[in-house]
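To start, the structure itself, in structure tokens.
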Amino acid sequence: MRPLILIDVDGPLNPWAANPKPPNYRPFDIRVGWWRKLRVWLDPEHGGQLRRLAEETGAELAWATTWLHRANTEIGPRIGLPELKVVEFHDAHGWKYPAVARYAYERPLAWFDDDFALDRDRCREFVHKRRPLTTALVHVDPATGITAQHLSEARKAFSSNL
Ligand SMILES: [Mg+2]
């Protein structure tokens, strides 16, 4: 089973809580609706770093973000990611966990997100139900965005279990 790497946008790629933003990040004003623009900070090197991680681990990259398909038009091209598959969320409860559980199914998983702690019980249940599959929940602080340390955490999780 090909491993899966899931990427959230706000937090991991857009370190919204960082003040000031770390070096390398550039501001983009992205239109969200007719009148409103949203400032998003992105590191153009993240795309290459994530693509290398996927190549090294034989994994597939996919989006797990409330940006949904707009991640492919608004975020990916700005950091050098190709069009990726999108995990869609249709569940009233359980945050992203039910959709990701179905999408990842029996594939080893590394997942970058800043909100795993929103519901700790569901988080534990999600990981528990996937045993003995690799489930690397890589928590990314929205004040830092994805760093080399997060990337190596995902790399290690796959290499120890493949
Ligand atoms: Mg987030």
Side-chain angles (χ1 to χ4, degrees), residues 3-33 36-51 53-54 59-104 107-127 130 134-155 157:
L4 183 64
I5 297 170
L6 295 179
I7 317 161
D8 176 32
V9 171
D10 292 312
L13 296 181
N14 170 34
W16 52 268
N19 187 22
K21 304 302 176 210
N24 295 334
Y25 282 85
R26 291 174 45 202
F28 295 95
D29 291 320
I30 298 177
R31 190 177 291 282
V32 285
R36 215 161 68 85
K37 281 186 177 174
L38 183 70
R39 173 152 290 193
V40 168
W41 291 78
L42 299 170
D43 177 351
E45 291 185 13
H46 268 155
Q49 292 166 359
L50 288 163
R51 278 190 283 112
L53 174 67
E60 178 185 16
L61 298 169
W63 296 112
T65 167
T66 50
W67 284 77
L68 295 168
H69 291 272
R70 294 196 76 202
N72 275 324
T73 52
E74 304 290 2
I75 307 296
R78 292 185 160 98
I79 60 173
L81 282 177
E83 188 165 329
L84 304 177
K85 289 186 184 157
V86 176
V87 178
E88 299 193 30
F89 307 114
H90 299 291
D91 304 273
H93 302 287
W95 187 61
K96 298 177 181 176
Y97 293 121
V100 169
R102 286 192 299 272
Y103 190 91
R107 300 166 69 177
L109 171 68
W111 179 5
F112 298 100
D113 205 290
D114 57 328
D115 276 333
F116 294 119
L118 278 183
D119 188 335
R120 289 178 195 277
D121 290 339
R122 297 238 189 216
C123 181
R124 268 192 292 273
E125 186 190 354
F126 169 79
V127 174
R130 283 179 42 85
T134 296
T135 305
L137 302 185
V138 183
H139 173 259
V140 180
D141 188 333
T144 68
I146 291 176
T147 64
Q149 199 179 322
H150 299 114
L151 295 165
S152 78
E153 196 179 317
R155 192 177 289 116

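Atoms within a ligand are numbered from 1 in the order they appear, just like the ligands themselves. Bear in mind the structure is a predicted one, so any value in this text is a computation, not a measurement.
When distances to the Mg ion (ligand 1) are checked against a cut-off of 2.8 Å, Asp113 contributes no N, O or S atom below that limit. Contact annotation: Asp115 places no N, O or S atom under 2.8 Å from the Mg ion (ligand 1).
The OD2 atom of Asp8 and the O atom of Asp10 subtend an angle of 90° at the Mg ion (ligand 1), given to the nearest 10 degrees.
Of all N, O or S atoms in Asp114, the one lying closest to the Mg ion (ligand 1) is OD1.
Applying the side-chain contact (heavy atoms from CB on, under 4.5 Å) test between Phe112 and each of Val9, Leu137, Leu151 identifies Leu151 as the sole match. A salt bridge (Lys or Arg N to Asp or Glu O under 4.0 Å) with Asp29 holds for exactly one of Arg36, Arg39, Arg78, Lys37; it is Arg39.
In the displayed structure, Glu60 atom CD is contacted under 6.0 Å by more than 12 heavy atoms of other residues, nucleotides or ligands.
Within the 6.0 Å centre-distance limit, the rings of Phe126 and Trp111 are counted as a close aromatic pair.
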